[in-house]
Amino acid sequence: MALGLRDVALVVELLRGLGVTLRHLFKPTVTIHYPTERREVYERYRGLVRWDKEKCAACALCARFCPVKAITIQTDDGEDGKKTVKYYQIDAAHCMYCGLCSEICPVGALSHSPYHELAAYRREDTIYAQERLSGAPPITMYR
Amino acid sequence: MQTTHEMVVNLGPQHPSTHGVMKLEVVMDGEYIVDCKPVIGQLHRGMEKMAEGMLYGQFIPITDRLDYLSPACNNLSYCLAVEKLLGIEAPERGKYIRVIIAEMQRIANHLVALGSWGLDLGAWTILLYTFRDREMLLDLFEMFCGQRMTLNCFRVGGTTYDLPDGFVEKAREFLEVIPSRINDYEALLTKNPIWMTRLRDVGVVSAEDALAYGLTGPNLRASGVKWDLRKVYPYEVYDRMQFDVPVGSRGDCLDRYYVRIQEMRQSCRIVQQALDQLPPGDIMVDMPTIALPNKEEFPNNFPEVVRHFHLLVQGYAPPEGEVYLGYENPKGELGFYLVSDGSGYPYRLKIRSPSFINMQIFPKIMRGAMLADVIAILASFDPVLGEIDR
Ligand code: SF4
Ligand code: SF4
């Protein structure tokens, strides 16, 4: 079977494409070996929402404004007539990390942490309430 | 006597090439398509109804989920519609930041479109390369607003975030490498005889058909109609940008591919110009009825606290009326039709999503094609199901 001009052109073009891949073979790798190597997130990263009990003024604005209603808050009247928080929870499975709550909280009690590996075995573990809302989230087998 | 009969094949909803959960009911005679019926609705979330129960500002993160490959463009489109309803405009710097992010998003979207298209047709390499380059853009987005995919970075009346330190330099670095990367894609695809044969004269849409079926975006331009809302009705600062509108001539899959490649180059030009022209100044309108107050003043400025709560509980109430705003999304014209009854909640929101309307033409152009072409045609329209089903 004789090779026509067309076939030669075809092979040349395919080789040119292979040349691109060959060139990339000698470039430094861009992937990282995830569980052992990790990349740092940027400063503004919107990860798991953290809540500061000391700062919170119990205004419930966050629970009201959250578009998916991931925040639940129960307030109580304290001794001096000031409102206090009885119960506060964020459902991390509902939360879409939109950043609206930390943006609107008038006293800056809410913030985003860099934590994002939040897989859990049970659904209840994705609900962060009260004391689980500050500091680092518990270490699971996935992190 | 032996006879043949037509056969119905269900492509999807769980098919890797349908770009989401869409079902194509294909009636086939041998290898040829006799009829094709897209069945949609598996991803329906009732967004238009959801909007009626939300303040105008609360709906912005939900628009991220429309076309989840270009969230910044959706945010921008929605914000522009509400701004038109309110009769306001973002300040200069805000506009430039929006244009920079939206054009980067357009490049990111076309990179995914190209990569997954290659994957559908068996070209694995291109997917890895485009995703590598998109990663640089996602890093920039993360730097800018803290999220990679669902950005939620614009607000009615401006943006929430200013460009962080180092962003402009990093963006310029990206602009330096991307043209050579696009050349690489072209070396892999445009000159590849297999790719050309699979796409040339497949799924031809004539200019009349494209207009009659309401195609928009790259799919319309590939048919030779020069219609780009950024040029025709310039919004934001596009009237100050120099860029060309690439058009095709044949309206086949190859043209749709090539228009997208060209658009990436044009978007690079726009980002470059916007970075050069970026003015200093405010990023949010200075209007007490719309912009949130500065939180640092709260301890000794009670009226501002009251305004803060008022804005977030009642929202801003646009005047009664209705508005439609079309925006050149990477996939076509994304339109928001808003009806206001004078309260803080929209009375009605209708979303004209480009993928949904582009998809109407499928039954027409699929007829007579081979089964393997269906995948190529589907990918050439770059549909996203989040937007089709809303
Ligand atoms: S908005 Fe801030 S201060 Fe108010 S309840 Fe939420 S966390 Fe507390
Ligand atoms: S980040 Fe968004 S979704 Fe999550 S709790 Fe805050 S407002 Fe709600």
Side-chain angles (χ1 to χ4, degrees), chain A residues 6-25 27-32 39-47 49 57 59-70 95-114 116, chain B residues 50 54-55 57-62 64-65 123 125-126 128-129 131-133 135-136 139-148 150-153 155 160-161 164-166 183-197 292-293 295-296 298-299 304-305 308-309 311-313 315:
Chain A
R6 217 190 112 127
D7 302 306
V8 176
L10 201 143
V11 169
V12 168
E13 293 304 345
L14 282 184
L15 284 181
R16 198 203 301 269
L18 285 176
V20 174
T21 36
L22 190 70
R23 198 146 39 77
H24 279 89
L25 186 62
K27 284 195 179 163
T29 45
V30 288
T31 46
I32 52 173
R39 67 177 273 268
E40 285 289 307
V41 294
Y42 285 95
E43 193 189 326
R44 289 181 183 174
Y45 187 74
R46 301 203 303 251
V49 182
C59 65
L61 195 58
C62 50
R64 201 188 155 100
F65 200 70
C66 173
V68 289
K69 305 281 173 263
C95 174
M96 52 183 178
Y97 308 103
C98 64
L100 286 180
C101 54
S102 57
E103 188 182 321
I104 62 162
C105 174
V107 291
L110 289 166
S111 59
H112 282 280
S113 63
H116 56 274
Chain B
M50 266 157 94
M54 286 186 183
L55 297 175
Q58 275 177 305
F59 191 66
I60 299 171
I62 311 290
D64 286 337
R65 276 91 186 149
T125 329
I126 186 77
L128 301 176
Y129 291 171
F131 272 56
R132 171 198 60 192
D133 300 338
E135 199 65 15
M136 296 168 76
D139 275 352
L140 282 167
F141 295 151
E142 184 184 329
M143 202 173 169
F144 170 62
C145 69
Q147 206 59 281
R148 301 166 70 77
T150 46
L151 304 185
N152 182 27
C153 51
R155 297 288 176 273
T160 352
Y161 310 95
D165 295 339
N183 290 344
D184 277 357
Y185 309 151
E186 289 217 60
L188 280 173
L189 296 179
T190 315
K191 304 201 176 98
N192 182 326
I194 303 174
W195 178 260
M196 300 283 278
T197 327
L292 289 180
K295 278 194 228 169
E296 269 133 44
F298 281 175
E304 286 286 271
V305 181
H308 185 81
F309 276 80
L311 267 179
L312 293 168
V313 174

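The sequence lines fix the lettering, A, B, ..., with proteins before strands; numbering per chain opens at 1.
For B:L292, the side-chain contact (heavy atoms from CB on, under 4.5 Å) partners at least two apart in sequence or on another chain are A:E103, A:I104, B:H308, B:L311, B:L312. Residues meeting the side-chain contact (heavy atoms from CB on, under 4.5 Å) test with A:A63, sequence neighbours left out: A:I71, A:I73.
With a 4.5 angstrom heavy-atom cutoff, B:M54 touches chain A only via side-chain atoms. Only the backbone of B:L151 comes within contact range of chain A, judged by heavy atoms closer than 4.5 Å. Of the two parts of B:C153, neither the backbone nor the side chain holds a non-hydrogen atom closer than 4.5 Å to a non-hydrogen atom of chain A. With a 4.5 angstrom heavy-atom cutoff, B:V305 does not touch chain A via any of its atoms. Of the atoms belonging to B:Y129, it is side-chain heavy atoms, and not backbone ones, that fall under 4.5 Å from chain A.
Using a 4.5 Å cut-off on side-chain heavy atoms (C-beta onward), A:F65 and B:L55 make contact.
Under the 3.5 Å distance criterion, the side-chain polar atoms of B:R132 are left unmatched by any main-chain donor or acceptor of A:T31. Counting only distance, with no hydrogens or angles, the side chain of B:E142 and the backbone of A:V41 share no donor-acceptor pair below 3.5 Å.
When A:R23, A:H112, A:E43 are compared by the number of non-hydrogen pairs under 4.5 Å with chain B, A:R23 comes out ahead. Comparing B:D64, B:L128, B:T150, B:T160 by heavy-atom pairs within less than 4.5 Å of chain A, the highest count is held by B:T160. Per-residue counts of heavy-atom pairs under 4.5 Å with chain A were compared for B:M50, B:R155, B:E135, B:R148; the largest is that of B:R155.
A:Y42 and B:D139 make their closest contact through CE1-O, 3.7 Å (heavy atoms, listed as atom of the first residue, atom of the second, distance). Taking all atoms of both residues into account, the shortest heavy-atom contact from B:Y161 to A:R46 is OH-NH1, 3.2 Å. Smallest separation of non-hydrogen atoms from A:L100 and B:G57: CD1-O, 4.4 Å. The two residues B:I62 and A:P67 have their closest heavy-atom pair at CD1-CB, 4.5 Å.
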